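Everything numeric here is computed off the predicted structure, so don't read it as measured data. Because only heavy atoms are used, hydrogens play no part in the values below, and waters and symmetry mates are left out as well, while side chains stay in.
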Amino acid sequence: MTDRPRVPAQIEAIVEALGVDDAVEFLLAFGGTEVYIAERPTAKSMIVARLGMQKAQALAKVADRLPKRMPIQKPWIAKVLHAKGLTGAEIARKLHVTDFTVRRYLADIGKRNPPDPDQLNLDL
């Protein structure tokens with residue numbers, strides 16, 4: 001397993017409120033759509049049905065920092081799932097993309113997280 005990827009700024013509030021695993025579930029369920037986050041969620045809420053009342057209330061607390069249309073964030077989700085040990089094929093099925101697309105998402109890991117300049121370079 002690898003380290004979890006850096007959280008993109010546009011979903012920081014979601015991850016802060018829900019944690020990484022529930023943020024992934026939330027984005028898979030609601031990403032790409034306009035979502036109304038009630039100040040006082042009720043049992044009828046789709047968010048409550050999906051994540052539970054506590055998580056819906058946590059989202060309500062950060063609602064002022066959330067976009068109206070939830071971002072899709074498939075590249076970040078792919079990296080999170082990869083860090084949890086899922087294979088490329090499993091990630092592709094979960095995200096409804098091709099395995100080639102997943103490989104492309106994961107290839108960005110090294111490019112976006114350059115090595116620490118203080119780390120000893122063993123490439124001779």
Residues E90, T87; criterion side chain to side chain contact (heavy atoms under 4.5 Å, CB included); working and verdict: CA-CA 5 Å; E90 291 169 322; T87 66; 3.2 Å; yes
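V102 and L28 fall within the same hydrophobic cluster, defined by Ile, Leu, Val, Met, Phe, Trp and Tyr side-chain heavy atoms under 4.5 Å apart, directly or through other members. Hydrophobic cluster membership is shared by V20 and F30, with clusters built from Ile, Leu, Val, Met, Phe, Trp and Tyr side chains linked at under 4.5 angstrom. Under the 4.5 Å side-chain contact rule for hydrophobic residues, L95 and M70 share a cluster.
Expressed to the nearest 0.5 Å, how far NZ of K79 lies from CD of Q73 amounts to 9.5 Å. Note: R103 CZ to H82 NE2 = 13.0 Å, rounded to the nearest 0.5 Å. Between the CD atom of Q10 and the CH2 atom of W76 there is a distance of 11.0 Å, given to the nearest 0.5 Å. A distance of 11.0 Å separates CG in L66 from CD1 in I11, rounded to the nearest 0.5 Å. Within the model, atoms CG of L18 and CG of L59 stand 4.0 Å from one another, a figure rounded to the nearest 0.5 Å. F26 CZ to I47 CD1: the interatomic distance, rounded to the nearest 0.5 Å, is 5.0 Å.
Counting heavy atoms from C-beta outward, V97 and K74 have side chains that approach closer than 4.5 Å. In this structure, the side chains of I14 and D22 stay at 4.5 Å or more apart for every pair of heavy atoms. For the pair L81 and Y105, the minimum side-chain heavy-atom distance is 4.5 Å or more.
Of all heavy-atom pairs spanning V24 and I77, the tightest one is CG1-CG2, 3.8 Å. Here the shortest heavy-atom pairing between L27 and P71 reads CD2-O, 3.4 Å. For the residue pair A38 and A60, the shortest heavy atom distance occurs at O-CB, 3.3 Å. Shown here for A56 and V48, the closest heavy-atom pair between the two residues is CB-CG2, 3.5 Å. Shown here for A13 and V62, the closest heavy-atom pair between the two residues is O-CG2, 3.7 Å.
Other residues, nucleotides and ligands contribute at most 12 non-hydrogen atoms within 6.0 Å of the CE atom of M46.
Residues S45 and T42 have side chains that never bring a donor and an acceptor to within less than 3.5 angstrom of each other.
Ion pair R69/E34 flagged as a salt bridge, since at least one NZ, NE, NH1 or NH2 atom sits closer than 4.0 Å to an Asp/Glu carboxylate oxygen. A salt bridge links R65 with E16: the distance from a Lys NZ or Arg NE/NH1/NH2 to an Asp or Glu carboxylate oxygen falls below 4.0 Å.
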